[in-house]
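Reminder, nothing fancy here: chain letters follow the sequence lines and each chain counts from 1.
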2 protein chains.
Amino acid sequence: MSLDTLSAHVGDADDLARILGRALLTSHWLPGDLFPRELDVAAHFGVSRNLVRNALTQLAATGLIVRTAGRGTLVRDLNDWHLLDPRLSEWMSGLVDLNPQLLREIYAFRLSAEPVVTSLAATAASADDLQRIEAAFEGMAKTATSAQKRLEHAEYDVAFHDAVYQASHNLVWRQMEHLLRPSILALVQRSQHSLTALDDSLARHGRIVEAIRRGDGEQAATAARAVLERTAEDLRLAWPGIHSSQKETT
Amino acid sequence: MSLDTLSAHVGDADDLARILGRALLTSHWLPGDLFPRELDVAAHFGVSRNLVRNALTQLAATGLIVRTAGRGTLVRDLNDWHLLDPRLSEWMSGLVDLNPQLLREIYAFRLSAEPVVTSLAATAASADDLQRIEAAFEGMAKTATSAQKRLEHAEYDVAFHDAVYQASHNLVWRQMEHLLRPSILALVQRSQHSLTALDDSLARHGRIVEAIRRGDGEQAATAARAVLERTAEDLRLAWPGIHSSQKETT
DNA sequence: AGTCTATAAAATGTCTGACATTTAGGCTAT
DNA sequence: ATAGCCTAAATGTCAGACATTTTATAGACT
């Protein structure tokens, strides 16, 4: 594949990294392909080779590509992507044609992780944390009545789960907040929520709030599972094979 | 703080990033401090400013520092570190004086996450996965008898848990393998394993193997918890507050 | 014919120096 | 005292040259 379809104003290295990163995330190039040479990229976007190098360095850091002197730049496989790099999450946010397999993997992860995180939050949340969770929940409730406010609703949804992760009070769990935004935004773009579905989802979120307020870890875990199962239905994710990816021995 | 105590041969940008990254990880500079200017770093290590910039770009990507034009380079707080960045894990590996709070956070994370991962592994492991797990376990057994083989034993230990994460067959969980090495190596450096303690630990690992072989998720989770509790004892981690970090409203 | 070696070409890595841009702080004029 | 300008300092970008690594090719030798 070539650079032809890509064009946008490139202000700095971050801009270029985002443009190329999103192209890679949407399979504009396929794993194993040879990525265009630095000088070609520089010529196409009208920037210096130096800036291109800075951008490609970022792409390499996220595992999207691998560069070796003399050989060139190779596009890497999904299995090698650093899904937990915040930059990757940022690039994924708002992409309409995100790799479906990737979406499934992220949901499978959340399905297994979020009950634990929510349980932790129930036992570790401070008054401050609880307040943030409740505020986000109220925002969700306020925006659940109209189909026009789907995007605003999604933002509150992100804030809600983010607040839960923060409330776990663990540095590692808190880093995974970044995975929430792309995965929740994808929900908005792919599913046509009926209002009754939104209502059901809201009720399930409410049970998380209650459990955390009572400090009941068991209940919190159960409630978190209920929310994610609802989400999976809305996304129509194939349930049985959700946590399987191709096997390899590397 | 200054660069004075740092000196080593710098071959490329990765070398320099590792040296500076480790210095930051061991609190050679404190959060909020102004990091030395690019030209000073370049002069000290006898390399070009360009190479320094490449190294600092990596440090910024891991959240260790933040750079703003005109202002300079600031050292960031532990809360902002991207603990899931593989490079950070690599820099952490082998550090003897790793921040104790950081170690506690990583262990708290593993204590909550690993039961889930192990349970997933029990239901998703292929024959290949199981074979790798068993091979690592046998390596652990073989090296558990002598105090001289602690390092070799640790490597098998890493391989064991790594294989379990891989067996979960989830792209996100598999990324967290990187956290294992520093956290297991820290165990070797800090605790003086008695041989009976090693024997106990080995037995607990064995129960994980059995559970996965039987495909019993519940048992696998329980066995994983047992292993980590043993580990915590060996590390003498303060148990009650293990999953608490300072609260903040960011 | 086949294999090993030397050479050349192509791509990424590094160095150097200059200029651009952003930030902070001080200085002046009102 | 304050608004505005000016300057110094630090990071960001550009340009061109050279270094290093990898791959492919042509040639010599067996």
Side-chain angles (χ1 to χ4, degrees), chain A residues 1-3 8-21 23-24 29-76 80 87 90, chain B residues 1-3 8-21 23-24 29-76 80 87 90:
Chain A
M1 197 58 69
S2 76
L3 292 163
H9 178 64
V10 173
D12 57 8
D14 292 344
D15 289 345
L16 184 55
R18 183 171 47 253
I19 293 171
L20 296 176
L24 286 162
W29 288 277
L30 297 181
D33 280 2
L34 211 57
F35 198 80
R37 300 176 321 225
E38 295 178 345
L39 285 173
D40 291 342
V41 178
H44 180 80
F45 289 100
V47 294
S48 74
R49 183 184 163 219
N50 218 320
L51 191 143
V52 173
R53 283 184 55 73
N54 290 338
L56 294 189
T57 298
Q58 292 189 45
L59 297 181
T62 60
L64 291 181
I65 59 176
V66 58
R67 329 183 59 203
T68 52
R71 189 158 163 50
T73 299
L74 278 171
V75 177
R76 300 184 75 180
D80 300 315
R87 275 171 305 187
E90 188 205 321
Chain B
M1 198 57 72
S2 77
L3 294 161
H9 178 63
V10 173
D12 58 9
D14 292 344
D15 290 344
L16 183 54
R18 183 171 46 253
I19 293 171
L20 296 177
L24 286 163
W29 288 277
L30 297 181
D33 280 4
L34 210 58
F35 198 80
R37 301 177 321 228
E38 294 178 345
L39 286 173
D40 292 342
V41 178
H44 179 80
F45 289 99
V47 294
S48 74
R49 184 185 161 218
N50 217 321
L51 192 143
V52 173
R53 283 183 56 73
N54 290 339
L56 294 190
T57 297
Q58 293 190 45
L59 297 181
T62 59
L64 291 181
I65 59 176
V66 58
R67 329 182 59 203
T68 52
R71 190 158 163 49
T73 300
L74 278 170
V75 177
R76 299 183 76 180
D80 301 315
R87 277 171 303 186
E90 187 205 322

Starting from P on D:dT13, measure out to CG on A:L16 and report it in whole angstrom. 11 Å
Is any side-chain heavy atom of B:T73 closer than 4.5 Å to a side-chain heavy atom of B:E38? no
Please give, in whole Å, the distance from C:dG13 P to B:Q58 CD? 11 Å
Note, A:F45 side chain near A:L51 side chain (heavy atom, < 4.5 Å): no
Candidate nucleotides C:dC15, D:dT11, D:dC14, ranked by approach to the side chain of A:N50 - the nearest: D:dC14
DNA chain D: B:A69 or A:V47, which has the more 5' nearest nucleotide? B:A69
Taking the side chain of A:A13 as its heavy atoms from C-beta onward, which of D:dT11, C:dC15, D:dT13 lies nearest to it? D:dT13
Rounded to whole angstroms, how far apart are CZ on A:R67 and P on D:dT21? 16 Å
Could you state the CD1-P distance from A:I65 to C:dA11, rounded to the nearest angstrom? 15 Å
For side chain to side chain contact (heavy atoms under 4.5 Å, CB included), just list the numbers for B:L74 and B:I65, CA-CA rounded to whole Å, side-chain angles, deciding distance to a tenth of an Å, and then say yes or no. CA-CA 6 Å; B:L74 278 170; B:I65 59 176; over 6 Å; no
note: B:R53, atom CZ; C:dT21, atom P; distance rounded to Å ~ 15 Å
Residue pair A:G46/A:T68 against DNA chain D: nearer the 5' end by closest nucleotide is A:G46
B:N54 CG to C:dT16 P, in whole Å, measures 14 Å
Under a 4.5 Å cut-off applied to non-hydrogen side-chain atoms, are A:V47 and A:V52 in contact? yes
Any side-chain heavy atom of B:N54 within less than 4.5 Å of one from B:L16? no
I want to verify a distance call: between C:dC15, D:dT11, D:dC14, whose nearest atom is closest to the B:L51 side chain? C:dC15
Report yes if a side-chain nitrogen or oxygen of A:R71 is closer than 4.0 Å to either non-bridging phosphate oxygen (OP1 or OP2) of C:dA11; otherwise report no. no
What integer distance in Å separates A:F35:CZ from C:dT12:C1'? 14 Å
Does a side-chain N or O of A:R49 approach OP1 or OP2 of D:dC14 to a distance below 4.0 Å, or not? no
Check whether any side-chain N or O of A:T73 sits under 4.0 Å from OP1 or OP2 of C:dT12, and answer yes or no. yes
To the nearest Å, give me how far apart CG (A:L39) and C1' (D:dA15) are. 12 Å
